[in-house]
Amino acid sequence: MPLRLGVKNNYLHLLEACIQSKSLTEAKKIHQHFLKNTSNADSSVLHKLTRLYLSCNQVVLARRLFDEIPNPSVILWNQIIRAYAWNGPFDGAIDLYYSMLHLGVRPNKYTYPFVLKACSGLLAIEDGVEIHTHAKIFGLESDVFVCTALVDFYAKCGILVEAQRLFSSMSHRDVVAWNAMIAGCSLYGLCDDAVQLIMQMQEEGICPNSSTIVGVLPTVGEAKALGHGKALHGYCVRRSFDNGVVVGTGLLDMYAKCQCLLYARKIFDVMGVRNEVSWSAMIGGYVTSDCMKEALELFDQMILKDAVDPTPVTLGSVLRACAKLTDLSRGRKLHCYIVKLGSVLDILLGNTLLSMYAKCGVIDDAIRFFDEMNPKDSVSFSAIISGCVQNGNAAEALSIFQKMQLSGIDPDLTTMLGVLPACSHLAALQHGFCSHGYLIVRGFATDTLICNALIDMYSKCGKISFAREVFNRMDRRDIVSWNAMIIGYGIHGLGMEALGLFHDLLALGLKPDDITFICLLSSCSHSGLVMEGRLWFDAMSQDFSIVPRMEHCICMVDILGRAGFVDEAHHFIRNMPFEPDVRIWSALLSACRIHKNIELGEEVSKKIQSLGPESTGNFVLLSNIYSAAGRWDDAAHIRIAQKDWGLKKIPGCSWIEINGIVHAFIGGDQSHLQLSQINRKLEELLVEMKRLGYRAECSFVFQDVEEEEKEQILLYHSEKLAIAFGILNLKAGRPILVTKNLRVCGDCHAAIKFMTVITKREITVRDANRFHHFKNGTCNCGDFW
DNA sequence: ATAGGGTTAG
């Protein structure tokens, strides 16, 4: 080094040169020399050295030096605050600002933009508002820089009224001020206001720049305001903004969000420069629009061409594609790839992975991954809770929900959209009530999606009138609300109410969708409304241009079959424009059982076996048909055939919620704490029932045992256990609600009627299909189920 | 400029 080190001015010159060239190694060298050769730290050298570290983005080193400087200048304070405001941590900037005040250093107009940027980064509204009052006191509020920073702060924090007030108060508004206001509107979804502001600024002679456009494009996309989007695109072309990668990506994303994937792709293809954001936006656009093939192809291209490295955003989009395709093996490969890349497994990507596992049906892997996630947030909990419900484990979902409450993470709206279906599944009314209360407290109870889930919850928990109350009080219903309410009436056997609601829907000029008709037809079938079913099935395609799907046909076969038009149902199946599947044959088989049509039952059963009988339900149906006809050998053969198929019988399980605790019973289960009381109660009931004329339906028992033993087996069916438990634990006269995973057994159906007479209680059983409301010795299903 | 969890259907 040619300079005579140790001389202060030489250091200063050298440092200034380094600041220009941003050379960190030089900086460190000089710093070392300086430490060695000077005993007393000179403030101006320390100032320059700090600035040098800042210019090299060495915030930690700069801070260490800064803290040694006895009286740093305002400029240096501003620079170090600026460094924290740009690179974080944001609270570092705010802390520095406060210590500056504390030391009696007066902030200037350059201080405020930096510290306010930190406040908006943290959404630290209270700090920002206080800092605003300081700026006022120092007479800086009317400064263009400061005021623009304040507008930006309030806009980013969503306090648009205050942003607007300050913005209006400004005498000179440059393009930056306008952009702050516009970006604020954009951030909070006020697309029209943002576009309006762009017009207004031009009227005032301020020309929108590329930041203006970039700031407004996200909200245009979100609002799917394609017209605005095209106008903005035109403006970009005229001003040649569209060559830039940021504007190009913004436009691409806007078109993708407006479902104009061809336009988006066109822009992507002609972009001169593409970065990882452009690729991610394009891939994400495909995934959101259900174009998985294109998304995966583009991702492969990105990897093969080695164009840019995949980011967590890219990987997240591809994982979502795997989830939608339930392509588990690709999902697992990606997981490995992410680990191998050493890519940041941030919480967003972790949640996407978790959800991918849940949606691909490997809930155990999802739970394992969830357990190991650290930290977890409300999204992680929501994902695993709804994952459990989707995979048929509502009890686990509620137990994780309890853990969530203990963990101190507040459930949000989406969490509750997973919790409510869990309550529905379990018919856990107490949990449902609590959830509803929580939703009211949090102000979520008016949300349409939440109300839809509440309607479903109340109707599946047996409280159809509460469901209707929620429906009535909604201020914005969508088609899902109507569908949920219609099927709610349906499963309660209230077919006329379902039809009435459907007519209300039409009278309001709303358009039913394909699911509305499934709900409606299913309601008709539960209530034996054959004529109405036929009418609306035909009207569906003729008047509403909805092509019947298999699901609609299943409902139709159900309607015809239950009502005794078994041959017509068979004819209906043969005339369908597509190949019948197992589910529709099962519906017919069920009709054969009700109407004891053995011949057709056998034929249908053969069809089912040739297709591969997905579930044991069909074997049970056929063997029921045989046993009802006294053909025990044939019934036995069916059970053997079932074993040959390797199908195990799903155990019947019933449960009842008492004081918020769900008690589950499996047929013949002898493990419950109150077992002896339950048994005594059942024996007691049996005596009374027999006195009233009950005879055990022994044809439902397939074991080769004595009649008396059959009676005992039937007595310990899960639904009877749960009811006895309810009688023991609920006050006299209180109604009982029991839920069963399969269809209620015929013997139990008969027995429960007697029980309502003996106990003078209403007993409701929700089975896999519908509600059975037992009262005074009858069931509202009319014995057809 | 890109990103995670979600309601209805036998």
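The sequence lines fix the lettering, A, B, ..., with proteins before strands; numbering per chain opens at 1.
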Quiz prompt | Sequence-distant partners of A:His335, side-chain hydrogen bond (donor to acceptor under 3.5 Å, both in side chains), two or more places apart | solution = A:Tyr357
Practice problem: Indicate, with a heavy-atom threshold strictly under 4.0 Å, whether A:Asp478 touches base, sugar-phosphate, or nothing. | Solution: nothing
Practice problem: Classify the nucleic acid contact of A:Lys376 as base, sugar-phosphate or nothing, counting any heavy atom under 4.0 Å across all strands shown. | Solution: nothing
Exercise. Please work out if A:Ser386 contacts a base, only the sugar-phosphate, or nothing of the nucleic acid, heavy-atom cut-off 4.0 Å.
Key: sugar-phosphate
Exercise. Please list, chain by chain and in numerical order, all residues satisfying side-chain hydrogen bond (donor to acceptor under 3.5 Å, both in side chains) with A:Arg442, sequence neighbours excluded.
Key: A:Tyr438
Self-check item: Touch class at under 4.0 angstrom, heavy-atom based, for A:Asp513 against every strand present
Solution: nothing
Quiz item: Which part of the nucleic acid, if any, lies within contact of A:Ser481, taking any heavy atom under 4.0 Å across all strands shown: a base, the sugar-phosphate backbone alone, or nothing?
Solution: nothing
Exercise. Taking salt bridge (charged side-chain N to carboxylate O under 4.0 Å, His left out) as the test, write out the residues that go with A:Asp365, two or more places apart.
Key: A:Arg332, A:Arg368
Quiz prompt | chain A contact limits on DNA chain B, taken 5' to 3' with a cut-off of 4.0 angstrom to heavy atoms | solution = B:dA1 to B:dG10
Quiz item: Who passes side-chain hydrogen bond (donor to acceptor under 3.5 Å, both in side chains) against A:Asp478, sequence neighbours left out?
Solution: A:Asn452, A:Ser481
Practice problem: Using a 4.0 Å heavy-atom cut-off across all strands, classify A:Asp514 as base, sugar-phosphate, or nothing. | Solution: nothing
Quiz item: What does A:Ile487 touch in the nucleic acid at a heavy-atom separation under 4.0 angstrom: a base, only the sugar-phosphate, or nothing?
Solution: sugar-phosphate
Practice problem: State whether a side-chain donor-acceptor pair under 3.5 Å links A:Tyr263 with A:His233. | Solution: no
Practice problem: Identify whether any heavy atom of A:Ala768 sits under 4.0 Å from a base atom; if not, whether one sits that close to sugar-phosphate; answer base, sugar-phosphate or nothing. | Solution: base
Exercise. Look at all strands and tell whether A:Leu413 reaches a base, only sugar-phosphate, or nothing, counting heavy atoms closer than 4.0 Å.
Key: base
Would you be so kind as to tabulate the donor-acceptor pairs closer than 3.5 Å made by side chains of residues 267-278 of chain A, with sequence neighbours excluded?
from, atom 1, to, atom 2, distance (Å)
A:Asp269, OD1, A:Arg265, NE, 3.1
A:Arg274, NH1, A:Phe268, O, 2.7
A:Asn275, OD1, A:Val277, N, 3.0
A:Asn275, OD1, A:Ser278, N, 3.0
A:Asn275, OD1, A:Ser278, OG, 2.9
A:Ser278, OG, A:Thr249, OG1, 3.0
A:Ser278, OG, A:Asn275, N, 3.0
A:Ser278, OG, A:Asn275, O, 3.4

